[in-house]
Amino acid sequence: MSELVRTALVTGGTRGIGKAIVKKLAGLGYQVYFTYVSRPELAEAVCAEVMADGGAARGFLLDASDWDAVADFFATEIKDKVSLELLVNNAGITKDGLIMRMKREQWEQVIQINLTGAFVCLQQAAKIMLKQRKGRIVNISSVVGQMGNAGQANYCASKAGLIGLTKAAALELGSRGITVNAIAPGFIETDMTETLPQDVRDKYLERIPLGRLGSAQAIADAVAYLASDQAEYITGQVLGINGGMYL
Ligand code: NAD
């Protein structure tokens, strides 16, 4: 196993928080595999940026919530080919709406990608990590999974579900040297948040004691910490990175 390349897998790595995580991990010497679902030019750009910095990254067009496609991906690209040291379940979407107006597709798509997708990848990664008797898994949840947010019942439920998944997986996998933790970002400056109207942003800002939005880099740094030797005794935890945000 030791001759295999030390690899991290990040879902949704073409932009925002995922891209920052890919670049951070590549800078730490991991070979980084990342998934994406659209805009292959962004994936190419991420790989080029990583390479220019002396690192190694590969993008895979893969819907991280497609059970069969994910199983095929792990069988062909991961198993016996690399040493999978870290999985970061980062892929996520929002489809906001009030409960009374929420359509079935809005509910199902968000749960499917944010929660089921994380489970599918975690299950496949755990199969490999159990054999290695080591591994780290980090799930990107959200402050709204801890506190709720009006107009985001689907998203909040998916992110709260990720916390439950994190805690259950930490219990099941801990005895085999695998840690599983969640990061709950607050309000982070990315494509996901840039479309919010100014009045909504201002309302959020009032609730952030540090008085500013967070950066994708802050989340990437926390992932790096949870993947590091310094975090070897941390599992089943939710690390809030939110400027003290309350909702
Ligand atoms: P983003 O929309 O900028 O990027 C999301 C990434 O996920 C993209 O690369 C996209 O291609 C990918 N993706 C979407 N569906 C996918 C799928 N089915 N399979 C594989 N990849 C898929 O989002 P972001 O703001 O960078 O957020 C990243 C994560 O952090 C998400 O899980 C999000 O819920 C969470 N988060 C974000 C914030 C914030 O303020 N931006 C706050 C809390 C939590």
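Residue indices begin at 1 and follow the sequence shown. Order of appearance sets the numbers: ligands from 1, and atoms from 1 within every ligand. Values in this document were obtained by computation on a predicted structure and should not be read as measured data.
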Novice: I'd like to know whether NZ of K167 has more than 12 heavy-atom contacts from other residues, nucleotides or ligands below 6.0 angstrom.
Specialist: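 Atom NZ in K167 is crowded, with more than 12 foreign heavy atoms closer than 6.0 Å.
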
Novice: Report yes if some N/O of K159 lies less than 3.5 Å from some N/O of ligand 1; otherwise report no.
Specialist: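 In this structure, K159 places an N or O atom under 3.5 Å from an N or O of ligand 1.
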
Novice: Taking the side chain from T116 and the backbone from I113, do they hold a donor-acceptor pair closer than 3.5 Å?
Specialist: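 No, T116 side chain to I113 backbone: no donor-acceptor pair under 3.5 Å.
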
Novice: Other residues, nucleotides and ligands only: do more than 12 of their heavy atoms fall within 6.0 Å of CZ on R201?
Specialist: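 Yes, because the 6.0 Å sphere around CZ of R201 holds more than 12 heavy atoms from other groups.
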
Novice: Identify the closest protein heavy atom to atom 22 (C) of ligand 1: which residue and atom is it, and at what distance?
Specialist: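 So the nearest neighbour among protein heavy atoms is A91 CB, 3.5 Å.
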
Novice: From atom 5 (C) of ligand 1, work out which of S158, G92, G16, G18 has a heavy atom at the shortest distance.
Specialist: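 Among S158, G92, G16, G18, the closest heavy atom to atom 5 (C) of ligand 1 comes from G92.
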
Novice: Side chains of I234 and L226: does their closest heavy-atom pair fall under 4.5 Å?
Specialist: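 A side-chain contact under 4.5 Å exists here.
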
Novice: Compare all side-chain heavy atoms of M102 with those of L98 and state whether any distance is below 4.5 angstrom.
Specialist: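 The answer is no; the side chains never approach within 4.5 Å.
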
Novice: Ion pair present between E77 and R58, side-chain N to carboxylate O less than 4.0 angstrom?
Specialist: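 So E77 pairs with R58 through a salt bridge.
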
Novice: Taking the non-hydrogen atoms of A184, is any one of them nearer than 4.0 angstrom to ligand 1?
Specialist: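 Distance cut 4.0 Å: A184 fails for ligand 1.
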
Novice: Does any N/O atom on S38 come nearer than 3.5 Å to any N/O atom on ligand 1?
Specialist: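 N/O-N/O distance below 3.5 Å does not exist for this pair.
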
Novice: Using modelled atom types only, decide if a donor and an acceptor are shared between the side chain of N139 and the backbone of S141 within a distance under 3.5 Å.
Specialist: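 A pair under 3.5 Å: no.
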
Novice: Please compare T11, N114, L62 and report which has the shortest non-hydrogen distance to atom 20 (C) of ligand 1.
Specialist: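 The residue whose heavy atom sits nearest atom 20 (C) of ligand 1 is L62.
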
Novice: N149 side chain to Q152 main-chain N or O, any donor-acceptor pair under 3.5 Å?
Specialist: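 Absent.
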
Novice: Give the residue, atom name and distance (to 0.1 Å) of the protein heavy atom nearest atom 33 (C) of ligand 1.
Specialist: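 Answer for atom 33 (C) of ligand 1: Y155 OH, 3.4 Å.
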
Novice: Give me the residue, atom name and distance of the protein heavy atom closest to atom 9 (O) of ligand 1.
Specialist: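 I find the closest protein heavy atom is T14 OG1, 2.8 Å.
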
Novice: Would you say T7's side chain and V5's backbone share a donor-acceptor pair under 3.5 angstrom?
Specialist: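 Flag set: sc T7 to bb V5 pair under 3.5 Å.
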
Novice: Are there more than 12 heavy atoms of other residues, nucleotides or ligands under 6.0 Å from atom CG of L196?
Specialist: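 Yes, because the 6.0 Å sphere around CG of L196 holds more than 12 heavy atoms from other groups.
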
Novice: Give a yes/no verdict on whether any heavy atom in A216 is under 4.0 Å from an atom of ligand 1.
Specialist: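 The answer is no, since A216 has no heavy atom less than 4.0 Å from ligand 1.
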
Novice: Short list, please: which atoms of ligand 1 are under 4.0 Å from a heavy atom of D63?
Specialist: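 That gives atoms 17 (C), 18 (N), 19 (N) of ligand 1.
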
Novice: T193 near ligand 1, heavy-atom distance under 4.0 Å?
Specialist: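 T193: in contact with ligand 1 (<4.0 Å).
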
Novice: Classify the contact between R39 and ligand 1 as side chain, backbone, both or neither, using a heavy-atom distance cut-off of under 4.0 Å.
Specialist: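 Within the 4.0 Å criterion, R39 makes no contact with ligand 1.
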
Novice: Would you mind listing which atoms of ligand 1 come within a distance below 4.0 Å of any non-hydrogen atom of I188?
Specialist: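 In order of numbering, the contacting atoms are 39 (C), 40 (O), 41 (N).
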
Novice: Can you figure out which of S65, A64, P185 has its heavy atom closest to atom 19 (N) of ligand 1?
Specialist: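 The nearest heavy atom belongs to A64.
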
Novice: Within the structure, is a non-hydrogen atom of E189 found at a distance of less than 4.0 Å from ligand 1?
Specialist: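 False for this residue.
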
Novice: For atom 17 (C) of ligand 1, find the nearest protein heavy atom and state the residue, atom name and distance (0.1 Å precision).
Specialist: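 Residue, atom and distance for the closest contact: V37 CG1, 3.5 Å.
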
Novice: My understanding is that we take every heavy atom of each candidate and find the minimum distance to atom 29 (C) of ligand 1. Doing that for I17, L42, N90, which one comes out nearest?
Specialist: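 Ranked by closest heavy atom to atom 29 (C) of ligand 1, first place is N90.
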
